[in-house]
Structure formats: structure tokens, C-alpha cells
Amino acid sequence: MESTEEPEALPPPPPDALPPPPPEIPPNVVPVQLTTDSVPEETKKISKPKRSPIARRGVGSRGQKILLLSNHFKVSISNTGGHFFHYCVSLSYEDGRPIDAKGIGRRLIDKVHETYGSDLAGKDFAYDGEKSLFTIGALPRNKMEFTVLLDSFSSNRNSGNGSPVGNGSPNETDKKRMRRAFQSKTFKVEMSFAAKIPMQAIAAALRGQESENSQEALRVLDIILRQHAAKQGCLLVRQSFFHNDPKNYVDLGGGVLGCRGFHSSFRTSQDGSTTTIIQPGPLIDFLIANQNVSNPFQIDWAKAKRTLKNLRIRVSPTNQEYRITGLSENTCKEQMFSLKSRASDGNDVESVDITVYDYFVNHRSIDLRYSGDLPCINVGKPKRPTYIPVELCSLLPLQRYIKALTVLQRSQLVEKSRQKPQEKIRILTDVMKSNNYAAEPMLRSCGITISSQFTQVQGRVLTAPKLKAGNGEDVIPRNGRWNFNHKKFFEPSKIENWAVVNFSARCDVRGLVRDLIRFGEMKGILISDPVDVVEENGQFRRAPPLVRVEKMFEQIQKAFPNAPPRFLVCLLPDRKNSDIYGPWKRKNLAEYGIFNQCLAPTRVNEQYILNVLLKINAKLGGLNSLLAMEQSRNIPFVSKVPTIIFGMDVSHGSPGQSDMPSIAAVVSSRNWPLLSRYRASVRSQSPKVEMVDSLFTLTPDKKDDSGIVRELLLDYYRSSGQTKPAQIIIFRDGVSESQFNQVLNIELDQIIEACKFLDESWSPKFTVIVAQKNHHTKFFQDGSPDNVPPGTVIDTAVCHPQSYDFYMCAHAGMIGTTRPTHYHVLLDEIGFSADDLQELIHSLSYVYQRSTTAISVVAPVRYAHLAATQISQFLKCDDMSETSSSHGGLTSAGQTPVPELPELHRNVCSSMFFC
């Protein structure tokens with residue numbers, strides 16, 4: 001019978017806890033009741049009412065009903081009377097030093113469970129691998145200490161003995177070394193009571209009833225899932241699990257593999273997941289592939305040292321495992337170390353200097369084919385190195401590759417991770433069977449069962465909005481797509497005073513110009529002949545990107561001696577990720593104010609030219625199409641009342657770029673009552689900071705606001721007939737549920753302050769919506785191989801019972817399985833009905849000017865992402881330390897100022913330059 005009694009004694013309070021009240025009030029003190037009058041004005045101003053996300057107000061009803069399956073699996077719980085007991089785990093060596101080795105925690109806790117089962121009242125554990133352990137019912141005591149012996153500990157740690165590991169034992173010293181390597185090591189494990197969590201919180205959470213314990217209870221269940229996967233030998237990446245099965249691997253090139261696994265969480269669903277891992281096997285094969293060389297003697301070992309740091313290897317022929325700490329300074333044939341051995345009299349210890357190569361070949365009798373002229377792998381410590389020839393080392397499987405992928409690797413990962421709906425259903429069905437959650441003892445003790453059946457949900461398919469093209473012609477989207485066959489753009493621009501710039505791209509430039517002019521005329525864009533075609537001077541083709549751009553602008557200035565051109569078409573030599581792109585964009589947009597379009601043409605056809613013209617027309621101020629009800633002013637709540645729409649996103653540096661500033665971008669609608677035209681404002685801020693910190697920014701003299709929101713509101717006012725917006729709709733991308741309160745109480749407060757700074761009496765209404773793409777929920781048509789139709793919305797069953805959220809698949813998923821956007825309505829002062837809000841969001845997926853398809857998320861969010869990504873290229877151009885300022889605050893280190901972005905030129909700052 002499990003003990004659910006209160007623990008004998010609670011641990012001491014944390015150091016920052018308040019002290020207890022005095023035992024009694026002194027007789028000469030008269031208590032005073034605190035009133036609002038006695039609170040200082042400064043305190044009143046700071047104490048703002050805290051907002052929290054609103055509850056659901058109802059569900060929608062419009063659209064054609066459709067039966068769907070979802071990768072959510074029903075969870076039932078029968079034991080709601082018990083408690084989880086949370087214990088803090090402390091791991092140390094026998095002498096009290098904390099353990100610094102990673103991954104040993106689970107081995108130690110397993111050993112405790114195996115050795116001391118009776119002392120622990122037979123309790124099963126849920127352990128997170130670090131400092132938290134949970135049991136069902138209490139352990140016998142609040143604080144328990146255990147001594148644990150682990151065998152063969154050196155297989156996970158290097159022996160640090162100053163000499164190589166090898167294959168035989170030609171002398172007594174070697175025998176002792178081998179015995180020490182396999183000796184048991186003693187550890188101390190301490191468990192201290194921390195908290196008690198009622199299991200009924202799980203049942204409440206499954207019903208959608210939030211309580212103070214519900215998130216913690218669900219965390220325990222997620223830890224149980226992680227532990228279950230760890231027992232099966234999986235690589236754990238948060239709540240995603242990856243088996244060591246070659247059939248799950250896809251080669252991405254450069255010694256990197258994509259590894260397919262699955263995501264499992266009690267908060268969401270079961271889904272496929274992909275991570276990147278190091279190619280297991282011979283270490284030298286990985287380095288050759290990673291550096292794209294043909295043999296070991298071409299390897300850049302300085303680069304290899306950075307790549308190999310902390311990777312785990314298995315050494316043949318002993319099969320011992322180590323973590324790489326570095327490389328030898330010399331080659332294997334030149335690297336010396338001191339080999340100690342007994343003297344012939346058996347008493348004294350002799351020391352002789354020997355090369356690593358000589359040791360392995362002559363003392364260990366191991367044949368080394370090519371390692372002699374290569375550096376050795378060091379698995380020792382800085383002052384006590386342990387060297388191993390590289391050809392004896394093999395990389396262990398399931399080691400994450402955490403460096404930034406190349407553009408080619410990234411595209412390969414996306415392409416090879418795609419799975420059609422029926423394939424994904426089959427894989428997830430197999431995963432649910434192989435997981436065998438019914439055998440997990442902790443889940444059984446909780447009385448939790450997980451269904452293996454996909455959840456049935458009812459969706460609704462909304463009707464696609466009608467669009468308008470040039471001359472008032474109707475455009476009717478079908479299956480989320482439309483075309484401009486025999487139609488002109490709604491508001492075509494005019495291209496004069498322009499040129500083509502060719503950075504040594506192989507292209508029929510004259511033919512491209514001819515096609516642009518001809519197809520542009522068909523779409524209503526009048527394009528004059530270019531003033532010039534500027535070809536790059538051949539002597540600069542191999543110069544650094546900044547130099548190439550500078551030299552090109554010298555040539556452009558000769559072609560346009562009086563004033564810069566209005567528009568430039570730039571031909572780049574590389575299809576993806578050209579290093580010229582960032583410097584070129586910065587020069588055009590920040591210094592000269594020139595509209596420009598970059599191309600890397602490979603196959604030029606009519607569709608390619610049309611796609612280019614869509615972008616050019618939007619950048620130059622035209623409109624390709626717009627919503628019919630936008631033109632007729634029939635959008636509920638929005639067309640009749642002045643409304644501005646914000647899209648907000650923050651772009652972070654790639655993995656491995658921890659010092660790269662984050663880029664915050666906000667786009668806003670302009671020319672109300674239009675919803676199809678936007679502009680952007682972009683700022684840099686501290687790395688990896690998700691909350692936008694420059695929405696409202698007082699100047700040092702406190703007399704002005706230099707923030708993003710003021711800039712966008714003034715633009716709206718000027719472009720919308722001197723009208724202030726009475727309503728502000730905010731779409732926020734890239735935040736998780738744990739950050740919703742920050743959006744409402746930090747970002748929204750800044751926006752309100754910016755409004756009040758412009759006009760103290762102005763109080764617009766706000767609607768705040770978060771758009772999430774980074775989730776694992778998928779929907780499938782029951783019995784159909786096709787993706788769900790575009791316009792599908794789901795706001796029941798798999799949605800939160802109380803919170804206001806819904807899923808929408810606005811786009812047609814042509815490849816793989818459609819990923820819906822998960823919308824969370826955090827605030828709605830405007831008062832939309834569920835149907836009107838869903839229709840508005842659906843319609844905003846059709847105003848994206850860069851394509852003739854509905855997109856998966858509202859256009860303002862996609863535009864914010866594009867603006868942040870494009871402007872982030874400015875920071876890659878050069879070392880911006882000369883122009884750095886503390887504009888975005890300090891970095892996490894607290895010392896380095898964040899580089900400030902250059903301002904966009906006034907000619908282009910209000911344009912859709914990001915299209």
C-alpha cells in the first residue's frame with residue numbers, strides 16, 4: 001500500500017522567503033489600515049492591472065463540415081486520489097565533489113533503485129536526468145542518502161593517465177592501468193523532499209481546468225515519457241525521441257545525418273520529429289565528409305578540432321568509450337609522452353620518452369595504416385593528455401549536430417523529412433504500438449491509459465474569399481490557388497530609370513530584360529528599356545563581397561551620373577545564400593534608397609517571370625490583387641472603423657551564433673480601409689531575447705519616443721487621410737504559451753504607452769492574437785490520401801476547453817502533410833464573433849502579394865518574418881562595432897552593446913521592400 005501521508009518535516013524555506021511575523025505587536029504600536037490615499041503616486045503608476053488570456057466565447061459555425069483525424073490520443077486517469085512527491089537530487093563523488101560528467105545521472109538513479117529497492121518501499125521513480133525525481137506516494141524519509149558503486153566507469157570518462165589506451169599489456173604498469181580503468185567508482189546520491197503534487201491536478205488539466213499544480217503534474221507525466229524513451233536507448237531532445245535505427249537516417253551531406261523520430265507530450269500530441277546527428281562510424285570518414293575532402297591528408301585540423309570537441313568515441317580494439325577534449329600538437333609519429341615501467345630489479349620505476357606511434361605499433365602490436373602523419377585524438381585533460389591514433393576512433397551513434405546547417409543541408413533536411421498524410425498515419429500508428437506505454441510502471445501506478453486510436457474531430461471548410469484584379473475583374477481562388485491568366489494586376493506600377501546589374505551570373509541578360517518588359521506589359525506594368533546593363537569587372541569576381549558591391553556601385557554611378565536609379569535588377573551567381581546579398585541590400589536600402597530585385601535565374605519561363613513581377617510590383621507600391629470585400633468595405637468590424645493591423649516577429653541567429661543580435665520586426669497596414677498594403681519597422685536587440693523591447697523607447701531627454709509603434713502609427717495617420725486607428729489588431733508570431741502573459745503585460749503595455757505618448761486621451765481597442773507554427777498537431781482526412789482542404793478550421797475536441805484557440809489550414813498542402821497554424825486569442829476588446837474572426841484570419845492568408853496562393857499564416861506575420869530575415873543580413877555585412885550603440889540594450893553577458901541597424905532610406909522606408 002502506498003504511503004500518502006504528509007512528510008515528517010518540511011525543508012527549510014528558500015533564502016528569499018519572507019521572515020515569519022513577530023510573535024506579538026508591541027503595546028506602544030497602533031496598527032494603521034493602509035488605504036489607496038497613503039500609497040505614493042509612483043507606486044500607483046507602477047501597479048498596472050495584470051492581464052491574462054481571455055476565455056473562449058464560443059465556437060464558429062460557418063463552412064462546410066468535414067470529419068478529420070488528429071494525432072492527439074485520448075488519455076484516461078483512474079487514480080486521482082494519490083500524490084506525486086517531488087525530490088531534489090544531488091549527485092557527487094565520494095569526496096563530495098559535484099559530478100561534472102553528463103549522462104551519468106540516469107545510471108546512478110537506476111543503480112539506487114536496483115540496490116536499495118527495499119529501503120525505498122519499492123517505489124518506482126520518474127527522473128528527469130538532472131535534479132528532479134518524482135515518486136507516487138512518499139519515500140520513507142524526507143531526506144535519504146545512498147552510496148553507489150558503478151562498474152567500468154572509465155567507459156564514459158577518460159582515464160587521464162597521460163598515456164594512450166591500447167590493446168595489450170606488455171608490462172606491469174600497463175596491467176595496473178587497465179585494472180584501474182575497469183575499477184568500480186563510488187558516488188553519493190542524495191534525495192531531499194521538495195513538494196507534493198495532487199494527482200487530481202492531472203484530471204483537472206485534462207479537462208482544461210488550470211490549477212496551481214496542473215502544469216507541474218503534466219511535467220511529471222512528460223518526464224515519465226522521457227524516461228520510458230531513455231530506457232529504450234533513445235536520444236532525447238526535449239520531448240522528441242530518436243531511436244538508433246539506420247532506417248530513420250537520411251544523409252544531408254558533410255557527415256551530417258537527419259534522424260527521424262517522434263514527439264510525444266501530454267500537452268499536445270504524438271507526431272514525427274527530426275533532428276540532426278553526427279554520422280556514426282570511423283572518425284576519419286566523418287571528417288572527410290564534413291570538410292568535403294578526398295583523403296585524410298587534406299583535412300583542416302584547426303577546423304576539425306572545433307568540430308570534434310566533446311564528441312563521444314569508441315576506441316578499438318578495447319571498445320572503451322571516451323569524450324574528445326582536443327588534438328595533439330604534433331603528428332602521431334612525432335608526439336612524445338613518458339612511458340613508465342618497472343625497472344629490471346622490480347623496485348624502481350623507469351620513465352622513457354616514446355612516440356604515440358611507436359607505443360601502439362611496437363608495444364601494442366597494432367598496425368597503423370595512415371595515422372602516423374596525422375594528429376592524435378586527445379581524450380585526457382589539459383595537463384594530463386591521453387592520445388589515441390585517429391584510425392582507432394569511431395563516433396558513437398545518436399550524437400546531436402548542433403552547428404548551423406548549410407543552405408544545401410537545410411533544404412535536404414526539409415525535402416527528406418516530408419511525409420504524405422497516409423505515410424505519416426502509418427508511421428505514427430507503428431510508433432504507438434512500439435512505444436508500449438501500457439508497460440510503463442509509473443503510468444500504471446497513476447492509473448493512466450493512453451489510447452492508440454487517432455482522435456476524431458469535426459472541422460469546417462471556409463469558403464475562399466473572392467479577389468479583385470485589374471479593371472475590376474473578379475478572381476475566384478480554387479483549392480487555395482488562383483492565376484492572372486488574361487488579367488492585369490489590380491494596381492500596376494511603372495518602371496523607369498532602371499538598370500540591370502550582373503554579378504558574373506551566367507544568364508541571357510538581354511532575353512531576361514525582353515521577357516520582363518513583355519510579360520510586365522501583359523500584367524499592366526509599363527517597363528521602359530533599361531538605361532544600362534552593368535556587368536561586373538572580371539578582376540573583382542574573387543574579391544570579398546563588400547569590395548564587389550562597392551566596385552559595382554562605382555560602375556552604376558558612371559551610368560547614372562546625376563541621380564541614382566529608381567530600380568535595379570541584380571543578377572547573383574549563386575542560387576541560394578549568396579554572400580553578396582547582405583551588402584547589396586544594405587547599400588541599396590540604407591545608403592541610396594534604391595528599390596531592387598535580386599535574381600539567380602536558372603530556368604527562366606513565364607511562371608518565373610510572373611513570380612518576379614509580383615514581387616517587383618509590390619515593392620514599387622503597386623497591388624497585385626486585393627480582397628473583393630476590402631474594396632467594397634464589407635469586412636465586419638474592420639472596414640467601417642479605422643483599424644490598423646500589426647504583424648510582429650523576432651528573428652534569432654542560427655545555432656552556433658549565440659552573439660548574433662536578435663532582429664525584431666513589426667509590419668503594419670496602411671492606406672486604410674485597405675488590408676493588403678504594409679510597411680515595416682525593424683530594430684536589433686539582445687541575442688535570443690523574444691520580447692520586442694523597442695516598441696516604445698523614450699529618448700534620453702524623455703521628450704520624444706523613438707520606438708517602432710510611433711513610427712508605424714504616424715505612417716498610418718499620414719497614409720489613411722489623417723485618421724487615427726480606433727482599433728488595433730496584433731498578430732504575434734513565435735511565442736509559446738509560457739510567454740502569453742509577457743505579450744499581454746510587457747509588449748501590449750509598450751504599445752499602449754506609445755499611443756498615450758502621441759495623444760493622452762486616445763484609447764484604441766485592442767485584439768491580440770498569437771500565431772503558432774512550431775507545434776506538432778496534424779490533421780488528416782479520414783479514408784483519403786489527400787491533405788485537408790484549404791480553409792479548414794478546427795475549434796473543438798483537440799482545442800483547449802477554456803482558452804480561446806483554434807487551428808486553421810488556410811493553404812493547400814502540396815507536399816508532405818499540412819501543418820496547421822494554431823491561433824490563440826489572448827485579448828479581444830473589439831468583440832469579434834468566432835466566425836467573424838476566423839473569416840478575417842482566413843482572408844488575411846489571401847492578401848500575400850508575393851504569390852498567387854493562400855499561405856499558411858496571416859500575411860502580416862509572414863511579412864514581419866521576411867523583414868526581420870532580410871534586415872538581419874545587414875549585420876552579416878561587416879563588423880558593426882564602429883557603429884554599435886546600446887540601442888537594443890546589452891547582451892546577456894551584460895557588456896557588449898547590441899549593434900544598431902542602419903536606418904532605411906526615406907525613399908524606401910514606407911515600401912514593401914521585404915516582398
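In the displayed structure, Gln557 atom CD is contacted under 6.0 Å by more than 12 heavy atoms of other residues, nucleotides or ligands. For CD of Gln64, the number of neighbouring non-hydrogen atoms (other residues, nucleotides, ligands) closer than 6.0 Å is 12 at most. When the shell of 6.0 Å around NE2 of His865 is examined, it contains 12 or fewer heavy atoms from other residues, nucleotides or ligands. More than 12 heavy atoms of other residues, nucleotides or ligands lie within 6.0 Å of CG in Asp474, so this atom counts as buried by the packing criterion. Counting heavy-atom neighbours within 6.0 Å of Lys420 NZ, excluding the residue itself, gives a total above 12. Atom CG of Asn605 has more than 12 neighbouring heavy atoms from other residues, nucleotides or ligands inside a 6.0 Å radius. By the neighbour-count criterion of 12 heavy atoms within 6.0 Å, atom CZ of Arg478 is sparsely surrounded, having that number or fewer from other residues, nucleotides or ligands.
Checked by atom type and distance alone, the side chain of Lys773 pairs as donor or acceptor with a backbone atom of Arg819 at under 3.5 Å. Side chain of Glu535 to main chain of Val533: no donor-acceptor pair is present (N/O by atom type, distance under 3.5 Å, no hydrogens or angles). Without hydrogens or angle criteria, Gln772 side chain to Val735 main chain gives a donor-acceptor distance under 3.5 Å. With hydrogens and angles disregarded, a donor-acceptor distance shorter than 3.5 Å links the side chain of Ser845 to the backbone of Ile841. Gln422 places a side-chain N or O within 3.5 Å of a backbone atom of Ser784 that can act as its donor or acceptor partner. Here the side chain of Ser528 pairs a donor or acceptor atom with the backbone of Ile495 at under 3.5 angstrom. Formation of a donor-acceptor pair under 3.5 Å by the Lys619 side chain with backbone atoms of Cys915 is found in this model. A donor-acceptor contact shorter than 3.5 Å links the side chain of Ser669 to the backbone of Ile645. The main-chain N or O of Ala559 is never found under 3.5 Å from a side-chain atom of Asp532 such that the two would form a donor-acceptor pair. In this structure, the side chain of Arg633 engages the main chain of Ser639 through a donor-acceptor pair within 3.5 Å.
Under the 3.5 Å distance criterion, with hydrogens and angles disregarded, no donor-acceptor pair is assigned to the side chains of Gln419 and Thr817. Between the side chains of Lys488 and Asn471, no donor N or O sits under 3.5 Å from an acceptor N or O. Using a 3.5 Å distance cut-off with no hydrogens or angles, the side chains of Thr274 and Arg260 do not pair a donor with an acceptor. Between the side chains of Asn617 and Ser493, at least one donor N or O lies within less than 3.5 Å of an accepting N or O. For the residue pair Ser662 / Gln685, no side-chain donor-acceptor distance below 3.5 Å is found, with atom types taken as modelled. Side-chain N/O atoms of His811 and Ser856 include no donor and acceptor closer than 3.5 Å. For the residue pair Asp786 / Gln781, no side-chain donor-acceptor distance below 3.5 Å is found, with atom types taken as modelled. Looking at Ser910 and Arg679, their side chains do bring a donor and an acceptor atom within 3.5 Å of each other. No side-chain N or O of Arg62 forms a donor-acceptor pair with one of Gln838 less than 3.5 Å apart. Side chains of Tyr717 and Thr723: a donor-acceptor N/O pair is absent below 3.5 angstrom, by distance only. A donor-acceptor contact closer than 3.5 angstrom links the side chains of Ser676 and Glu630. In summary, the side chains of Lys778 and Thr818 do not present any donor paired with an acceptor at a separation below 3.5 Å, with no hydrogens or angles considered. Using modelled atom types, one finds no donor on one side chain facing an acceptor on the other under 3.5 Å when comparing His486 with Glu473.
Within the 4.5 Å cutoff, the side chain of Leu713 has heavy atoms near those of the Ile644 side chain. Inter-residue side-chain proximity for Ser411 and Val414 is flagged as unmet; no heavy-atom pair is nearer than 4.5 Å. Looking at heavy atoms from C-beta onward, Phe646 lies out of side-chain contact with Arg732 at the 4.5 angstrom threshold. Counting only heavy atoms from C-beta outward, the side chains of Ile728 and Ile730 approach each other to under 4.5 Å. At a threshold of 4.5 Å between non-hydrogen side-chain atoms, the residues Asp515 and Val604 count as touching. Contact check for Lys585 versus Gln870: side-chain heavy atoms found under the 4.5 Å cut-off. Using a 4.5 Å heavy-atom cutoff, the side chains of Pro601 and Leu571 are in contact. Glu606 places none of its side-chain heavy atoms less than 4.5 Å from the side chain of Leu610.
Ring centroid separation for the pair Phe779 and Tyr807 comes in under the 6.0 Å cut-off. For an aromatic pair to be called close, the ring centres must be under 6.0 Å apart, and Phe503 with Trp584 satisfies this. Taking the centre of each ring, Phe489 and Phe484 come in below the 6.0 Å mark.
In this structure, Arg718 forms no cation-pi arrangement with Trp672, as its terminal cationic atom is not both closer than 6.0 Å to the ring centre and no more than 45° off the ring axis. A cation-pi contact, defined as under 6.0 Å to the ring centre and within 45° of the axis, is absent between Arg670 and Tyr678.
The CG atom of Leu413 lies 8.5 Å from the OG1 atom of Thr275; values are rounded to the nearest 0.5 Å. Note: Ile609 CD1 to Ile616 CD1 = 8.5 Å, rounded to the nearest 0.5 Å. In this structure, the separation between CD on Gln597 and CG on Leu568 is 11.5 Å, given to the nearest 0.5 Å.
Minimum interatomic distance between Gly459 and Ile794 (heavy atoms only, all atoms of both residues): CA-CG1, 4.1 Å. Taking each heavy atom of Glu711 and Ser681 in turn, the nearest pair found is OE1-OG, 3.0 Å. Listed here is the closest heavy atom pair of Val667 and Ala680: CG1-CB, 3.7 Å.
When the options Val509, Val569, Leu572 are evaluated for a side chain to side chain contact (heavy atoms under 4.5 Å, CB included) with Asn502, the one that passes is Val509.
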Next item on the list: Determine, stepwise, if the pair Glu491 / Arg677 fulfils salt bridge (charged side-chain N to carboxylate O under 4.0 Å, His left out).
Entry: CA-CA 11 Å; Glu491 193 180 297; Arg677 188 172 276 144; 2.8 Å; yes
Next item on the list: With ring pair (Phe, Tyr, Trp, His ring centres under 6.0 Å) as the test, would you mind laying out the steps for Phe914 and Tyr863 before giving the verdict?
Entry: CA-CA 7 Å; Phe914 42 80; Tyr863 287 147; 5.3 Å; yes
